[in-house]
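Here the structure comes first, spelled out in structure tokens, and everything after it is commentary.
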2 protein chains.
Amino acid sequence: MTTRWLTSEEQRAWRAYIAATHLLEDAIDRQLQQDAGMPHLYYSILANLSEAPDRQLRMTDLAEKSKITRSRLTYAVSRLEKDGLVRRENCKWDGRGSIAALTDEGMAVLERTAPGHVETVRASLFDHLSKEQVGQLEEIFAQVAGALAEGGSRPTPDEVPWRRRSTPPCS
Amino acid sequence: MTTRWLTSEEQRAWRAYIAATHLLEDAIDRQLQQDAGMPHLYYSILANLSEAPDRQLRMTDLAEKSKITRSRLTYAVSRLEKDGLVRRENCKWDGRGSIAALTDEGMAVLERTAPGHVETVRASLFDHLSKEQVGQLEEIFAQVAGALAEGGSRPTPDEVPWRRRSTPPCS
DNA sequence: GGGGCTTGGTTCAAGTTTGAAACAAACCTA
DNA sequence: TAGGTTTGTTTCAAACTTGAACCAAGCCCC
């Protein structure tokens, strides 16, 4: 089977995307490292926790939400725990499970640093986009994320038996 | 000054972008690690070299093209050199400079693995996009990359004196 | 032509990521 | 209910990244 090479439009799009993504992540990481003392990934782990019920999630669910491997999450949570921003608890209804919970201090850090982070995201990305382009951006990447999420090895919630869920079946 | 929070459209776009980008880089890294024994960044360093005149570039120019720091590049090139895919040479007209050149073996690896890489990029990204969306993707990220490149600490070629250039001034 | 600044590149230690292997609890099935 | 499988999580070593510090070579200018 002969290779379906990229057209020159696709090449240009791909290169622009890669370049911008590197620059963007650099800018965001630099700002968060400065102001919050942690890289972007760690910040979004805190953010994910802050939006969960009771500000806590099982490790696997948190990894799924953050789109990272469990082992990477284990390391990150250990660091955040050492900093006092997250607390680890045992899962009540599943002896194997462990739960990461945002501490009050973690919540405080998040609240203190959120404005600066949002400002950076704006200055780096949205300030350069029209309202229309924001819509296009969302549609494009929602499609891609959707496709990669099911195509990948991570099953969708609907495909798995109840015991895979994060909440106990009878509550 | 009060924070300009993200609108809900912007939030959705941002999250979709982050999620898709994580999944995409994972997929591509996994494939390249499998088939070429190196992560995506290292592959693109080889690709950048393969397109340069004489298949060689000065370290700083290569770092610029790859959108990474010089120290990260130093490490990467050392590894690639150890694998025999890249050769380091001294810059003839600037005693400080050093040059990374793609070896024949490096070129061979690139040619052998390019089809699989392109196929993955296609399967992960472009297969999910309309022709229109490819155009939108390019426009969006070309704008962003452009803005971040000049805004950032990296000056554009035009802003710098001749001695910053990679080619000797009189040749 | 010798100090003082800038630039190109590397080095080093600390931090992070990776993927495979290890473990333990839960589940299933005969 | 014992044995085998699956699932949730951590551990470990090797690889990679970061940023600051360093070194050497070019530039500037009096």
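Values reported hereafter were calculated over all heavy atoms of this structure, with side chains retained and with hydrogens, waters and symmetry mates removed. Protein chains get the first letters and strands the later ones, always in sequence-line order, with residue 1 at the start of each. Model, not experiment: these values are computed from the prediction.
- A donor and an acceptor atom, one from each side chain of A/Q11 and A/R15, are located under 3.5 Å apart.
- A sub-4.0 Å separation between OP1 or OP2 of C/dT10 and a side-chain N or O of B/R88 is present.
- What separates CD of B/Q31 from P of C/dG19 is a distance of 13 Å, to the nearest Å.
- Within the 4.5 Å cutoff, side-chain heavy atoms of A/E105 are placed close to those of A/L85.
- For D/dT7, neither phosphate oxygen OP1 nor OP2 lies less than 4.0 angstrom from any side-chain nitrogen or oxygen of A/T60.
- Taking only side-chain nitrogens and oxygens, B/R79 never comes nearer than 4.0 Å to OP1 or OP2 of D/dA15.
- To the nearest 0.5 angstrom, A/M59 atom CE is 10.5 Å from A/L57 atom CG.
- Residues A/Y75 and B/G97 both approach DNA chain C. Their nearest nucleotides, taken by heavy-atom distance, put B/G97 toward the 5′ side.
- Taking for each of A/G37 and A/G95 the nucleotide of DNA chain C with the nearest heavy atom, the 5'-most of the two is the partner of A/G37.
- Note: CZ (A/R30) to C1' (D/dT17) measures 14 Å, nearest angstrom.
- Taking atom CE of B/M38 as the reference point, atom P of C/dT18 lies 18 Å away to the nearest angstrom.
- D/dA24 atom P lies 16 Å from atom CG of B/D94, rounded to whole Å.
- With rounding to whole Å, A/M59 atom CE is found 17 Å from C/dA25 atom P.
- Listed pair A/R72 / C/dT17 meets the phosphate criterion, a side-chain N or O lying under 4.0 Å from OP1 or OP2.
- One finds a side-chain N or O of A/R58 lying less than 4.0 angstrom from the OP1 or OP2 phosphate oxygen of D/dT9.
- No donor-acceptor pair closer than 3.5 Å links the side chain of B/H40 to the backbone N or O of B/R30.
- OP1 or OP2 of D/dT17 has at least one side-chain nitrogen or oxygen of B/Y42 nearer than 4.0 Å.
- Distance, B/E25 CD to C/dT18 P: 10 Å, rounded to whole Å.
- When the side-chain nitrogen and oxygen atoms of B/T74 are compared with OP1 and OP2 of C/dT11, none of them lie within a distance under 4.0 Å.
- At whole-Å resolution of the value, CD in A/Q34 and C1' in D/dA20 are 13 Å apart.
- Note on ring orientation: taking the six-membered ring where Trp is involved, the planes of B/Y43 and B/H117 are tilted (angle from 30° to 60°).
- Residue-to-nucleotide proximity on DNA chain D shows that, of A/D29 and A/S71, the 5′-proximal contact is made by A/S71.
- When heavy atoms are screened at a 4.0 angstrom cut-off, B/L73 is found touching no nucleic acid atom at all.
- Rounded to an integer number of Å, the gap from B/R96 CZ to C/dG8 P is 6 Å.
- Nucleic acid contact for A/S98: sugar-phosphate only, since backbone atoms but no base atoms lie under 4.0 Å from a heavy atom of the residue.
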